[in-house]
*Asks:* 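Below you will find the structure I want to go over with you.
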Amino acid sequence: MTPPATKPTTIHCALSEAAQVLQHASTSPALDAEVLLSQVVQRNRAFLRAWPERPLTAEQAHAYGALIASRLQGTPIAYLTASREFWSREFLVTPEVLIPRPDTELLVELALQYLSARRGAVLLDLATGSGAIAVTLAAESTESVVYASDVSTAALKIARRNAERHHVTRIRFLHSDWFEGFPGDLRFDLIVSNPPYIAEADPHLGQGDVRFEPTLALRAGPDGLAALRVIAAEAGGRLIPGGRLLLEHGYQQADELRALLSHCGYRDITHHPDLQGHLRVTEAAWPDD
Ligand code: GLN
């Protein structure tokens with residue numbers, strides 16, 4: 001007896017089945033289903049809507065099933081598509097790097113404001129990860145001299161690929177544990193960083209995308225301030241007199257960070273709210289007298 005022929009699934013059926021499966025695993029099951037099917041059929045979401053009755057090949061159905069299974073386990077969409085948009089550019093992202101967040105665009109905006117009045121400024125993106133900040137700043141502020149560092153060689157590889165992807169050839173990449181591996185005489189006009197700032201016991205670490213992101217990029221000791229403490233203590237020695245420090249941090253860390261920075265000798269400490277109104281980025285000046 002021949003086995004019953006399995007009816008090939010269509011775009012519409014595959015999508016509605018996947019959205020159903022993802023119902024409790026995602027806050028956007030229908031969107032996830034579309035984004036992942038777009039990737040499998042190599043067409044945009046408008047195509048999926050225009051051709052709901054098109055059949056999927058057996059290979060496509062199989063590949064889609066595997067992606068939906070990973071998403072069901074919680075794997076972030078950005079890792080499944082190896083991509084995330086930041087400041088209107090597509091960045092390669094892998095599990096070796098933090099997924100760029102819209103919150104971090106505030107850091108970029110403030111850095112660009114600072115750079116707009118300073119031609120030829122030398123800047124550093126400390127702990128660059130995917131390179132989203134460094135590549136954006138280098139692309140948008142073409143006269144700046146841009147350095148990007150990370151302790152993770154895997155992250156630096158991704159950052160380099162992102163620089164190539166966006167044809168930004170002038171970033172100098174440094175492999176370094178904070179400032180440890182930097183040439184002795186290197187000084188910056190501006191240091192920006194989105195360092196790890198989540199407390200080890202924060203329940204947030206057990207939810208959503210962060211479960212799959214690199215610990216190194218997220219966790220910062222029992223109070224979440226371990227990395228910010230190191231940066232506050234060491235960045236001053238790497239800034240020119242009057243240089244600026246711009247740091248992203250947790251929404252409840254502004255007061256503690258202000259105390260740390262002022263203790264280390266910084267002046268003009270200002271907090272900036274993100275789109276949700278949380279104090280998310282702190283700016284500080286290194287004294288020039
Ligand atoms: N903003 C991220 C989050 O809360 C954390 C990023 C970081 O630690 N630098 O998910």
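Here, residue 1 is the first one in the sequence, and each next residue gets the next number. For ligands, and for the atoms within them, numbers begin at 1 and follow the listed sequence.
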*Asks:* At less than 4.0 angstrom from any non-hydrogen atom of A217, what atoms of ligand 1 do you find?
*Replies:*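 So the answer, numbered in order with elements, is 7 (C), 8 (O), 9 (N).
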*Asks:* Would you call R119 and E143 a salt bridge, using N to O less than 4.0 angstrom?
*Replies:*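 Salt bridge present between R119 and E143.
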*Asks:* Over 60° means perpendicular and under 30° means parallel, so classify the ring planes of F188 and F182, tilted if in between.
*Replies:* perpendicular
*Asks:* Do me a favour and list the nearest non-hydrogen protein atom to atom 8 (O) of ligand 1 with residue, atom name and distance?
*Replies:*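 It is Y197 N, 3.3 Å.
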*Asks:* Do side-chain atoms of D274 reach the backbone of R280 as a donor and acceptor pair under 3.5 angstrom?
*Replies:*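 Not at all, since once roles are kept as given, no pair shorter than 3.5 Å links the two residues.
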*Asks:* Are the charged groups of R89 and E140 less than 4.0 angstrom apart, N to O?
*Replies:* yes
*Asks:* Mark up the atoms of ligand 1 that fall under 4.0 Å of a heavy atom belonging to P195, in ascending order.
*Replies:*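 Numbered from 1, ligand 1 contributes 7 (C), 8 (O), 9 (N).
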*Asks:* Is ligand 1 under 4.0 Å from a heavy atom in the side chain of D209, in the backbone, in both, or in neither?
*Replies:* neither
*Asks:* Which atoms of ligand 1 are found less than 4.0 Å from any heavy atom of V210?
*Replies:* 10 (O)
*Asks:* If I compare all heavy atoms of A226 with all of G221, which pair ends up nearest, and what's the gap?
*Replies:* CB-N, 4.1 Å
*Asks:* Going by the atom numbers of ligand 1, which of them fall below 4.0 Å from some non-hydrogen atom of H204?
*Replies:*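 Under 4.0 Å from H204, ligand 1 has these atoms: 3 (C), 4 (O), 10 (O).
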*Asks:* E109 side chain to L106 main-chain N or O, any donor-acceptor pair under 3.5 Å?
*Replies:*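 No.
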*Asks:* Starting from atom 10 (O) of ligand 1, find the nearest protein heavy-atom neighbour and note its residue, name and distance.
*Replies:* R101 NH2, 2.9 Å
*Asks:* Backbone or side chain, does any N or O of D103 fall under 3.5 Å from an N or O of ligand 1?
*Replies:*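 N/O-N/O distance under 3.5 Å: no.
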